[in-house]
Amino acid sequence: MRLSRYFLPVLKETPAEAQIASHRLMLRAGMIKQASAGIYSWLPLGFRVLKRIEQIVNEEQIRAGHIPMLMPTLQSADLWRDSGRYDDYGEEMLRITDRHGRDMLYGPTNEELVTDIFRSYVKSYKDLPLTLYHIQWKFRDEIRPRFGVMRGREFLMKDGYNFDLTKEDALHAYNRHLVAYLRTYERMGLQAIPMRADGGPIGGDYTHEFLVLADTGESEVFYDSQVTDLTFGDRDIDYDSVAQCQGVLDEFTSRYARTDETHDAALFDQVPEERRRVARGIEVGQIFYFGTKYSDALGATVINDKQEQIPVHMGSHGIGVSRLLGAIIEASHDDKGIIWPEGVTPFHCGIVNLRQGDAATDGACADLYAALTKAGLEPLYDDRDERAGAKFATMDLIGLPWRITVGPRGLKNGVVELTSRKTGESVEMSAEDAVARIVEIYRDI
Ligand code: ATP
Ligand code: MG
């Protein structure tokens with residue numbers, strides 16, 4: 001993409017309404033525009049990152065054997081009356097009446113709808129296990145929407161639902177989700193720590209929230225510092241293997257890590273004092289096993305091998321797709337702007353032309369652009385007639401991990417400059433070598 005033809009409305013001023021870095025930077029970098037409280041338009045740069053995050057979520061869900069689909073945003077109130085949640089949900093639910101006077105709602109989540117789909121088609125235990133998921137907009141009329149996309153009213157969520165014959169099978173689905181989530185967040189350059197959370201009225205041990213540590217996080221968390229040493233890495237895992245998935249869950253959840261809702265001071269005291277940490281975190285996902293709550297209420301049963309009609313065991317599993325942009329920026333920025341991890345960057349690298357209009361630099365930039373594009377990468381070429389300082393400031397603000405700078409002086413010596421956004425380090429090399437380096441960096445991403 002050539003910047004002169006793109007739509008990147010960066011702001012010079014720091015918006016006064018934004019209290020935290022990610023919100024400020026998303027506004028300044030022209031990624032989002034507030035449409036009304038807690039509701040945003042995704043401008044082209046923000047939209048690109050949102051799509052990248054969605055893509056990683058999709059790839060990891062599919063790798064785990066989960067099946068993508070799409071359910072609508074608007075739902076009929078009747079199903080929610082059957083599950084008993086229409087009244088329970090309270091004021092966070094946006095209720096709508098259509099022209100025929102029928103009660104509708106903008107879905108805050110999809111347990112009812114997906115259970116209705118299941119019960120309409122699935123009759124036999126032979127069709128299990130089954131996990132369906134979608135990535136769809138949700139609406140929750142949050143009392144205090146704030147921090148930009150972090151706590152919106154309209155927000156994008158991946159929500160998945162497993163249907164299993166037995167509790168054991170459903171717990172395997174739970175563990176599978178935990179593994180898939182660990183991989184998902186790591187690919188985005190994030191450490192998200194599974195922490196034991198509150199199961200709400202259902203209770204039980206079967207819910208974990210994934211938290212990204214950040215001072216601006218809304219949750220208070222208590223953990224053993226050893227949990228921050230764990231990484232999933234690129235290990236090969238068989239998602240059908242009960243033992244392997246259980247092993248990962250055990251490894252990642254055996255040390256103390258809880259949100260304030262389930263914090264147990266006496267247990268925490270057993271962690272060696274030098275490893276006890278009290279901090280803040282951003283909830284970027286949650287997994288949940290809830291047994292037969294919805295299948296009982298809505299009559300989602302299958303016939304087992306003894307010809308008995310039994311309710312299926314279910315769980316639901318959510319990732320805050322739009323919130324993740326905020327969380328990633330909170331975890332990765334400096335005073336100049338965003339620093340995108342390579343996994344989610346809106347463009348793979350920037351090209352800065354230091355002398356626009358000069359035949360040699362224009363030509364060299366065009367060649368670089370063509371070579372990168374041919375290699376399957378998406379560069380953003382700043383071909384505007386601007387000062388070098390302004391071009392660098394824009395690149396730093398929007399946070400592309402790599403920048404290639406092309407100027408007449410370097411070209412005389414046959415070199416361009418490759419700069420890392422993260423370290424600020426610059427290295428001179430030939431244009432061909434710069435392309436090869438960038439291709440190499442993104443090879444496994
Ligand atoms: P919170 O405690 O932050 O209100 P929640 O526990 O009610 O969230 P879930 O029902 O677990 O949310 O939804 C799954 C994921 O969706 C959350 O882990 C979070 O990342 C994201 N999410 C929830 N509410 C919002 C919101 N208002 N804005 C953006 N993302 C949200
Ligand atoms: Mg939650």
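Atoms within each ligand, like the ligands themselves, are counted from 1 in listed order. Since the structure is predicted, the reported quantities are computational estimates derived from the model, not experimental observations.
For the ligand labelled ligand 1, residue E218 lies outside the 4.0 Å heavy-atom shell. The shortest separation from a heavy atom of T109 to ligand 1 is not under 4.0 Å, leaving the residue out of contact.
The shortest contact between atom 19 (C) of ligand 1 and any protein heavy atom is with R323 NH1, 3.4 Å. Among all non-hydrogen protein atoms, the one lying nearest atom 4 (O) of ligand 1 is R151 NH1, 2.9 Å. For atom 5 (P) of ligand 1, the nearest non-hydrogen atom of the protein is R140 NH1, 3.8 Å. Looking at atom 15 (C) of ligand 1, its nearest protein heavy atom turns out to be G320 N, 3.9 Å. Closest to atom 28 (N) of ligand 1, if we only count protein heavy atoms, is G152 N, 3.1 Å. Here the protein heavy atom with the shortest distance to atom 29 (C) of ligand 1 is M150 O, 3.3 Å. At the top of the distance list for atom 8 (O) of ligand 1, counting protein heavy atoms only, stands E283 OE1, 3.8 Å. In terms of protein heavy-atom proximity, atom 24 (N) of ligand 1 is closest to F155 CZ, 3.5 Å.
Here E60 pairs with R63 in a salt bridge; the nearest charged N to carboxylate O distance falls below 4.0 Å. A salt bridge is defined here as a Lys NZ or Arg NE, NH1 or NH2 lying under 4.0 Å from an Asp or Glu carboxylate O, and K293 with D296 fails to meet this definition. Using a 4.0 Å cut-off between charged side-chain N and carboxylate O, E440 and R437 make no salt bridge. With respect to R5 and D383, no salt bridge is recorded, no charged nitrogen being found less than 4.0 Å from a carboxylate O. A salt bridge links E59 to R187: at least one charged side-chain nitrogen sits closer than 4.0 Å to a carboxylate oxygen. Using a cutoff of 4.0 Å between basic side-chain nitrogens and carboxylate oxygens, E218 and R146 are scored as salt-bridged.
For R421 (side chain) and D396 (main-chain N/O), a donor-acceptor pair under 3.5 Å exists by modelled atom type.
Counting the atoms of ligand 1 from 1 in the order shown, those under 4.0 Å from a heavy atom of V284 are 18 (O), 20 (O). In the vicinity of G285, heavy-atom distances shorter than 4.0 Å reach the ligand 1 atoms 18 (O), 20 (O). Below 4.0 Å from some heavy atom of V149 lie the following atoms of ligand 1, by number and element: 29 (C).
Using a 4.5 Å heavy-atom threshold, the side chains of F290 and M314 count as touching.
Sparse packing is recorded around CG of D234, with 12 or fewer heavy atoms of other residues, nucleotides or ligands lying under 6.0 Å away. Crowding of R235 atom CZ: a count of heavy atoms from other residues, nucleotides or ligands under 6.0 Å exceeding 12.
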Practice problem: With side-chain hydrogen bond (donor to acceptor under 3.5 Å, both in side chains) as the test, would you mind laying out the steps for S219 and E283 before giving the verdict? | Solution: CA-CA 7 Å; S219 314; E283 181 195 330; 5.3 Å; no
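Not one N or O of R153 is nearer than 3.5 Å to an N or O of ligand 1, by distance alone. Any N or O atom pair closer than 3.5 Å counts here, and S322 shares no such pair with ligand 1. Geometrically, ligand 1 and I319 share no nitrogen or oxygen pair separated by less than 3.5 Å.
Neither the backbone nor the side chain of L324 has a heavy atom within less than 4.0 Å of ligand 1. With a 4.0 Å heavy-atom cut-off, ligand 1 is reached by the side chain of E142 but not by its N, CA, C or O.
Separating the CZ atom in F288 from the OH atom in Y174 is a distance of 8.5 Å, to the nearest 0.5 Å.
For a distance bound of 2.8 Å, the N, O or S atoms of E283 include one lying that close to the Mg ion (ligand 2).
Among E154, H317, M157, Q286, the residue whose heavy atom lies nearest to atom 14 (C) of ligand 1 is M157.
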